[in-house]
Amino acid sequence: MAGSGKQTPSPKAIIHQKFGAKASYRVEEVHDSSQSGCPGLALPQKGPSLYRCHLQLPDFSVVSNVFKKKKDSEQAAAELALEKLGIGPQNDDLTVDEAWDDIVGRIKYIFSDEFLSADQPLGAHLRAALRRDGDCCGSVPASVIATFDAKINSRCKIINPSVESDPFLVISYVMEAAAKLSDYIVASPHVASLRRKIPYPSEIVEALETHVSDSVDSRNIMAVYIPCLGKEIVEPDALDSSSDQYYLDIIAERFGLKDGNQVMISRTFGKASCGSECRLYSAIPNKLKFSEYSPVVSERLNLESRNARASYICGQDIHGDAILASVGYKWKSGNLDYNDVTVKSFYRICCGMSPNGIYKISRKAVLAAQLPISFTTKSNWGTPLPREILCTFCHQHRLAEPIFSLSSSPVKSLSDIYRSHKKLKVSGSADTDDDNLSKEKEDDTPGLGHGFRCEVKILTKSQDLVLDCSPRKFYEKENDATQNASLKALLWFSKFFDDLDVDGSDSDDEEDIKSPSTNVFAAPPILGNGDSSRTKNVPSEEKPVQTITNGSVVRICYSLSLAVEPAYSSDAYWSDRESPGEVTESNEDIESEVEAEYSIDLIESNEEIEFEVGIGAMNSHIESAVTKMTVGEYASFNTTLPAAAEALILAVANDTERMRHLLSERSHLDYSIVLLGVKGPTEERMEAAFFKPALSKQRVEYALKHIKESSASTLVDFGCGSGSLLDSLLDYPTSLQTTIGVDISHKGLKHAAKMLHSKLNNEACNVKSATLYDGSILEFDSRLYNIDIGTCLEVIEHMEEDEACEFGEKVLSLFRPKLLIVSTPNYEFNTILQRSTQEEDKSDESQLPKFRNNDHKFEWTRVQFNEWAAKLAQLHNYSVEFSGVGGSGEVEPGFASQIAVFRREASSEDKVVEERSMQQPYNVIWEWKKGDGDKKD
Ligand SMILES: C[S@@+](CC[C@H](N)C(=O)[O-])C[C@H]1O[C@@H](n2cnc3c(N)ncnc32)[C@H](O)[C@@H]1O
Ligand SMILES: [Mg+2]
C-alpha cells in the first residue's frame, strides 16, 4: 500500500487486540483432491500444498480461501472476521474528531525535514516538488497527498465513507486540515496545492539533489487518452519524459493546464488485466472550490462532466478528459518508473470489469469464449472456476471478498458420524490430511441422504449488502455447491454488466437472489463488452444436424480473422460462399479503393481449447459449427460483426489504428475451426440425469443384498477403481471380515486408500483386514483364491473384448470365488440415456456417441452378455442368473446395467493346484488390520 509512515496494524493484529487468546487459528493443508496424502500408501504421493485457515472466535468462525502461504491464509481469515464484525482493518475505531486530528498531524509530519528523505513515493514527490520551476517550486499538489498517503485516506474514510468513490472529497479534507496548519503550511485553495512555509534547511536539500531525477530515458511514456465525450475515440498518447520535469507537470501540459497542481490522480487499478498498475489523470474542474465542496457540488459535476469510460474502469468519479498511464515513483529508489499503456490495455481493462470479460480473458479467448450459463462438472469447466472469477470480480469492483456459507442437509449421515469420530481421535498437524479425506469421502458418497447448499453474500467494503444468492438446490459435493452459487451470482452481475438487463432474471431464480441495491455500480458505458450473440440466440438458418451432444467436451483449434472484402467483387473468393453483404461499386477515391483490397488480419487464435457443449461456453457461431463436425474436420465460415465485437477486437489487437480502419470498412469475422477431439458426456452425468438414486449406488446396493444373503466373510472387488464399493460397504453392518481391492490404476488405488483410511478405524465395523493390490485381474494371484464373494462392477467393458473373455475364464477357473457378480452396461439402453442428456434436441440418433464412456472398448447387448456368461458358467461348473439395476428387466430395453451372478456348484473341488499356489504377482500397496492401523508393504 502506498505510503504511510507507520504501517496500519494487520487484520491479525487487530483480532489479537480484540480477542487475545480467545481467537484460535487452525491452518489446514489442502492438497489437490486427487493428490492428497494417505499414511501407509506405498505409491508416490505428490501435489502442491495450499493452506486454508479456520479462525474460531467466541461467537462465530470463518474459513479463508486457499493460499500458497499459511501466513496469508491466517491474514485472510482475520480479514473475513473483521468484515463480519464490521471493522475495517484500517479504521481502528477512531472517532471523527480523532480522525481529523490524525490528518492534521500527518500533514504536518509529511512536511517535516525528516519526511523529505522518506523512502516512499510520497517522499519522492516532495523532493521532485523542490525541483519545480518558478511559482511551483516546493509546492505539492493536494491530489498527491490525497492519493499517496494511506493513513490520510483511511482517516478520510472515517469522516465520510463516500471518499471511496469521490477523490475530490479527500482533497477537500486535505485542504481543510492543512488550513489548520497555517503556521507551517501554505495551502492555496485555488490551485489545490500545499507548500511548506519555512524552506527546508539547505544542507538537507543539497544532500538530496544528487540522486533524484525524473527523466527516465529519452523515450516517451506511452499512455492512453480517454476523452470525456463517449463519441470520441480512445487514442494512444505519449508523455515526453526526456526532460527532468516533474511528471505531473508533463501530464498537465497534455490537458493544457498551467501545472501539475491542477491534475487529479486516481487510485491504482488494472493490474490483473493489463499487467501493470495504472492510474487515471484528469484535470481538476476549473471552477471547483474545495472549500465549498459538498455532495451537491459532486452531483452537479457528475451531470456536467463525468467521464463514463474512465470512471468505469477505476470505480471513482473521473471528470473531463482523462489520461491512462502507468507511471510513478518507485519505493526505495524514488526513481520514476513506468510501463507503456496501450489502447489495447484500455480495452482489456474494460473487458476485465465484467464477469463475462474476466472469463474471456482468463480463457485466453476474448472473442470466442463466453461465461457459461451452467456449471456441470469441474472437469468440464476448465479454469478458472466460478468461485475464482467471482473473487476477481469483487476485487475489481472494490467489493469485500465474497462470503460463502455452506450448509449440509439436516439428515446426519453415517459419514458425518465417522467424521466427528475421526476428529476426536486425531490431533496435531501431521494429520491435517484427515479433514480432506473425510471431505472427499463425503463428496464421493452420493445419495446417502447427504447434500450441500451454498449461500454467497457480496458486500461492499463498508458492509452494505449488494447481493445475497442462495440457490435452494443441494449438491452431493461441497465444491459443486460453492461453484454453482458463485456462478449464479456471476450470471446475475453479468446481466447488469454484460447485457444491461438486470430485470430479466429467470423467474425461478428470483427467490434465490436478493439484492437490496445495485447503485453501488454505475451503469457501464457502452463499450460492447458483452457478447450479445448469446442473449439474442442467433437462430440458425436450417435446423442443423447436431452430431455432438450436449454435455460432450470438445477440443478445437481455431482462428478468428477480421476480413475486409474487396471493393470490386470480381474476385472468385465469394463465389462459393454466401457473401456477408451486398457488394456495391465503390464511389470513393482511388486511395480508398486501394485500401479496400481484400485483407484478412488474424485477431485471435488458439491451438487447443476445450469446452463443454450446451452450456454456452463458446460464442454460439463456433458452438453450432463444431457440434455439426466430425473429429479431424476443418470448417470455415464468416459472420457479420456484432456491434459488441468492436471493443473485444480492440482488446486483442495490437494495432489499434489498423483495426479501427478495418472495422470502419465492410469487415466481417472469418472463423476457421478444426475439431481435434470429442469426449462424450460422462457416463456419470448421463446416468445421474436418469436415475435416482444414482446407478452406481444401485449397483452397490445390489452387491450388498448378496453379501447379506450369503453371510460372506471375504470379498474381492476386481477392478475396484477408487474404491466406491469397498467404501460404501463400510457404511452398513455386514458379515464381511476381509475386503480386498485390485486395480491397475494408481490414481484409483490412491483414492481408495485415502477413503478406506479415513473410515476403517471405526469400532462399529466388523472388517478385520482390508488390502489394496496393484495388479491386473487378467493375472492370477493365489492370495485371492477361493473367496466368498467376488465383484467386478463396470470393469470388463474397459478391456478389449478378448480380454474380457480371458478374465471370465481366469476368474472362474483359477480364482474360483463362491459367488461372482459381474456388471456391465446394457448397450440397448444407451438410446434412452442419451436422449435424457439431449433434452429437446431431436438430432439423428444414429450420430450419437456409440458408447457411454470414451474408455469403453465395447458394450454388449443382453444377448451378447448372456452368451458370454452362460458359456463360462457351463465350462467351469458354475450356475448363472441374470439381473440388473436401473430400469426393469421386464420392459424393453431391459436394465441399464446388466448383471450376471455366478454361483459355484457345491460339487466342484476347491483346492488350488499346487504349482499355482506360488503365484503372487500383485503388489500390496496399502494394507490395514484391525488394531494395527495402516501398514506399508
Ligand atoms: C469404470 S471403473 C469401475 C470401478 C469400480 N468397480 C466401480 O464400480 O466404481 C473400471 C476400472 O477397471 C479397472 N481396470 C481395467 N482393466 C483392468 C485390469 N486388467 N486389471 C485391473 N483393473 C482393471 C480400471 O483401472 C478402472 O479402475
Ligand atoms: Mg464403464
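As the structure lists them, so they are numbered: ligands from 1, and atoms in each ligand from 1.
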Visitor: Determine whether any heavy atom of Gly775 lies closer than 4.0 Å to an atom of ligand 1.
Guide: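 Heavy atoms of Gly775 do come under 4.0 Å of ligand 1.
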Visitor: Just jot down the side-chain contact (heavy atoms from CB on, under 4.5 Å) partners of Val678, sequence neighbours excluded, or say none.
Guide: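 Val678 satisfies side-chain contact (heavy atoms from CB on, under 4.5 Å) with Ile548, Ser552, Val554, Val631, Leu675 only.
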Visitor: Is there a heavy atom of Leu725 sitting under 4.0 angstrom from any atom of ligand 1?
Guide: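 Per 4.0 Å heavy-atom rule, Leu725 does not contact ligand 1.
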Visitor: At under 4.0 Å between heavy atoms, which part of Ser722 makes contact with ligand 1: side chain, backbone, both or neither?
Guide: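 No part of Ser722 comes within reach of ligand 1.
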Visitor: Under 4.0 Å from a heavy atom of His798: give me the atoms of ligand 1 that qualify, with their elements.
Guide: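 Matching atoms, with element in brackets: 1 (C), 10 (C).
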Visitor: Check the orientation of Phe882 and Phe865. Use parallel for under 30°, tilted for 30 to 60°, and perpendicular for over 60°.
Guide: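 Taking Phe865 first and then Phe882, their aromatic rings stand perpendicular (interplane angle over 60°).
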Visitor: Taking 4.0 angstrom as the limit and counting only heavy atoms of Cys720, give me the atoms of ligand 1 inside it, by number and element.
Guide: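 Those qualifying, in numeric order: 5 (C).
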Visitor: Short list, please: which atoms of ligand 1 are under 4.0 Å from a heavy atom of Glu794?
Guide: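 What qualifies from ligand 1 is 1 (C), 2 (S), 3 (C), 10 (C).
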Visitor: Measuring from atom 18 (C) of ligand 1, which candidate in Val700, Ile744, Leu793, Asp727 has the nearest non-hydrogen atom?
Guide: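 The residue whose heavy atom sits nearest atom 18 (C) of ligand 1 is Ile744.
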Visitor: Taking the basic N atoms (NZ, or NE/NH1/NH2) and the acidic carboxylate oxygens, is any pair closer than 4.0 Å for Lys929 and Glu927?
Guide: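 Answer for the salt bridge query: yes.
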Visitor: What closest approach, in Å, do Phe895 and Gly889 show between heavy atoms, and which atom pair accounts for it?
Guide: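 Heavy atoms of Phe895 and Gly889 come nearest at CZ-N, 3.2 Å.
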Visitor: Specify whether an N/O/S atom of Glu797 falls short of 2.8 Å from the Mg ion (ligand 2).
Guide: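 It does; at least one qualifying atom falls short of 2.8 Å.
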Visitor: List in chain and number order the residues that pass side-chain contact (heavy atoms from CB on, under 4.5 Å) with Glu801, two or more places apart in sequence or in another chain; answer none if no residue qualifies.
Guide: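 For Glu801 the side-chain contact (heavy atoms from CB on, under 4.5 Å) partners, ignoring immediate neighbours, are Phe858, Trp860.
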Visitor: Number the atoms of ligand 1 from 1 as they appear, then name those within less than 4.0 Å of a heavy atom of Ser724, with their elements.
Guide: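 Counting atoms of ligand 1 from 1, those under 4.0 Å from Ser724 are 7 (C), 9 (O).
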Visitor: Is Val795 close to ligand 1, meaning an N/O of one under 3.5 Å from an N/O of the other?
Guide: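 Not met; the criterion fails.
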Visitor: Just need the protein heavy atom nearest to atom 11 (C) of ligand 1, so name the residue and atom and give the distance.
Guide: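 Of the protein heavy atoms, Asp743 OD2, 3.8 Å lies nearest.
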Visitor: Charged N to carboxylate O under 4.0 angstrom, Asp480 versus Lys378?
Guide: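 Salt bridge flag = no for Lys378 with Asp480.
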Visitor: Is the shortest distance from a Lys or Arg side-chain nitrogen in Glu701 or Lys697 to a carboxylate oxygen in the other one below 4.0 Å?
Guide: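 A salt bridge links Glu701 with Lys697.
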Visitor: Could you go through Glu779 and Ser776, starting from their C-alpha distance and side-chain angles, then the distance that decides it, and tell me whether this counts as side-chain hydrogen bond (donor to acceptor under 3.5 Å, both in side chains)?
Guide: CA-CA 6 Å; Glu779 279 186 277; Ser776 167; 5.2 Å; no
Visitor: Check whether NZ of the Lys or CZ of the Arg Lys810 lies under 6.0 Å from the centre of the six-membered ring of Phe807 and within 45 degrees of that ring's axis.
Guide: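 No - Lys810 does not lie over the ring of Phe807 by the 6.0 Å and 45° rule.
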Visitor: Does ligand 1 have any atom sitting under 4.0 Å from a heavy atom of Gly748?
Guide: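 The answer is no: ligand 1 sits nowhere under 4.0 Å from a heavy atom of Gly748.
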Visitor: To which protein heavy atom is atom 20 (N) of ligand 1 closest, and what is the distance rounded to 0.1 Å?
Guide: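 Atom 20 (N) of ligand 1 sits closest to the protein heavy atom Ile777 N, 3.0 Å.
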Visitor: Have a look at Cys792, Ala703, Gly719 and point out the one with the heavy atom closest to atom 4 (C) of ligand 1.
Guide: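 Heavy atom nearest to atom 4 (C) of ligand 1 belongs to Gly719.
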Visitor: Show the nearest heavy-atom pair for residues Ala617 and Pro372, with the distance to one decimal.
Guide: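 Minimum heavy-atom separation between Ala617 and Pro372: CB-CG, 3.7 Å.
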Visitor: How does Met799 reach ligand 1, by side chain, by backbone, by both or by neither, if only non-hydrogen atoms under 4.0 Å count?
Guide: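 Under 4.0 Å from ligand 1, Met799 contributes side-chain atoms alone.
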Visitor: At a non-hydrogen distance cut-off of under 4.0 Å, which region of Ser776 contacts ligand 1 (side chain, backbone, both, or neither)?
Guide: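 Both backbone and side chain.
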Visitor: For ligand 1 and Val742, I'd like to know whether there is a polar contact (N/O to N/O, distance under 3.5 Å).
Guide: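 No, Val742 has no N/O under 3.5 Å of an N/O on ligand 1.
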Visitor: Determine the interplanar angle of the Tyr773 and Tyr922 rings, folded into 0 to 90°, and report it as parallel if under 30°, tilted if 30 to 60°, perpendicular if over 60°.
Guide: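 It falls in the tilted class, 30° to 60°.
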